[in-house]
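Okay, so here's the structure we're looking at.
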Amino acid sequence: MTRYPAAPMRGPCGIGAVLTRPVISTILIEMGQDRTHEGRSMSTVKGALAQKRGALIHVRSGDMVVEALRQMRDNRVRSVLVIDDDKLVGIVTQGDCAIKVLLPGLDAKQTPVGQVMTGNPVTIKPDDPLDACMAVMAARGFRHLPVLDAGKVVGVISIGDVVKNIIRDLEHNVDDLMGYIMKDGPGG
């Protein structure tokens, strides 16, 4: 099989430029598409929430753990927010239920959510960058972050949401680079 050398790139990075992360960033910035694609911002919490469907899943602190587990099962989620009188007071996860209810032998039908929830959870805002959310999740061992806008709960971001948006950003960047190469590259 004959191998042909890669054609040199033309454009802002010069002939023979290697596509490294800084070079790609430079190209995207010069194209005016740094971290956005055709006006769609995918790097903020707001952008990630826009991709999600469904209602906000929550329980009250006085509800029994079995109700939180039903909500998780029925909605295929791994955590639910705990909201009392329109105020976020906590979050309860499947792990909380397993470790704080099942392992000690408590009855999920008689144990209130307020006894096992994580109170005063770390929250984020719609304009926060997803990179920062991912850093908080990694550093603190969280998989879910409630989103507050002016003190009102507007959603939840999971680590899965962050990963999906990173993949979507990468796909858009690849598309942008392919368009750039095909338009401005050899034969373009």
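All values below come from the heavy atoms of this structure, side chains included, with hydrogens, waters and symmetry mates left out.
- Note: H144 NE2 to R78 CZ = 7.5 Å, rounded to the nearest 0.5 Å.
- Cluster partners of V66 are M64, counting Ile, Leu, Val, Met, Phe, Trp and Tyr whose side-chain heavy atoms approach within less than 4.5 Å, directly or via other members.
- Screening residues 132-141 for salt bridge (charged side-chain N to carboxylate O under 4.0 Å, His left out), with sequence neighbours left out, gives no hits.
- Partners of R70 according to the salt bridge (charged side-chain N to carboxylate O under 4.0 Å, His left out) rule, which considers only residues two or more places apart in sequence or in another chain, are E67.
- Among pairs with a residue in residues 146-161, those fulfilling salt bridge (charged side-chain N to carboxylate O under 4.0 Å, His left out) read K52-D161, at least two apart in sequence or across chains.
- If you chain together ILVMFWY residues whose side-chain heavy atoms come under 4.5 Å of each other, M117 ends up grouped with I57, V59, V65, L69, M72, V77, V80, V82, V89, V92, V101, L106, V113, V116.
- In this view, R143 satisfies the salt bridge (charged side-chain N to carboxylate O under 4.0 Å, His left out) rule with no residue, not counting sequence neighbours.
- Identified under the salt bridge (charged side-chain N to carboxylate O under 4.0 Å, His left out) test for residues 86-104, with sequence neighbours left out: D96-K100.
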Would you be so kind as to tabulate the donor-acceptor pairs closer than 3.5 Å made by side chains of residues 119-128, with sequence neighbours excluded?
{"residue": "D127", "atom": "OD1", "partner": "K46", "partner atom": "NZ", "Å": "3.3"}
{"residue": "D128", "atom": "OD2", "partner": "K125", "partner atom": "N", "Å": "2.8"}

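- With sequence neighbours excluded, the residues that form a side chain to side chain donor-acceptor pair (under 3.5 Å) with N75 are Q71.
- Residues satisfying the side chain to side chain donor-acceptor pair (under 3.5 Å) criterion with D74, sequence neighbours excluded, are absent altogether.
- For the atom pair S43 OG and L130 CG, the distance stands at 6.5 Å (nearest 0.5 Å).
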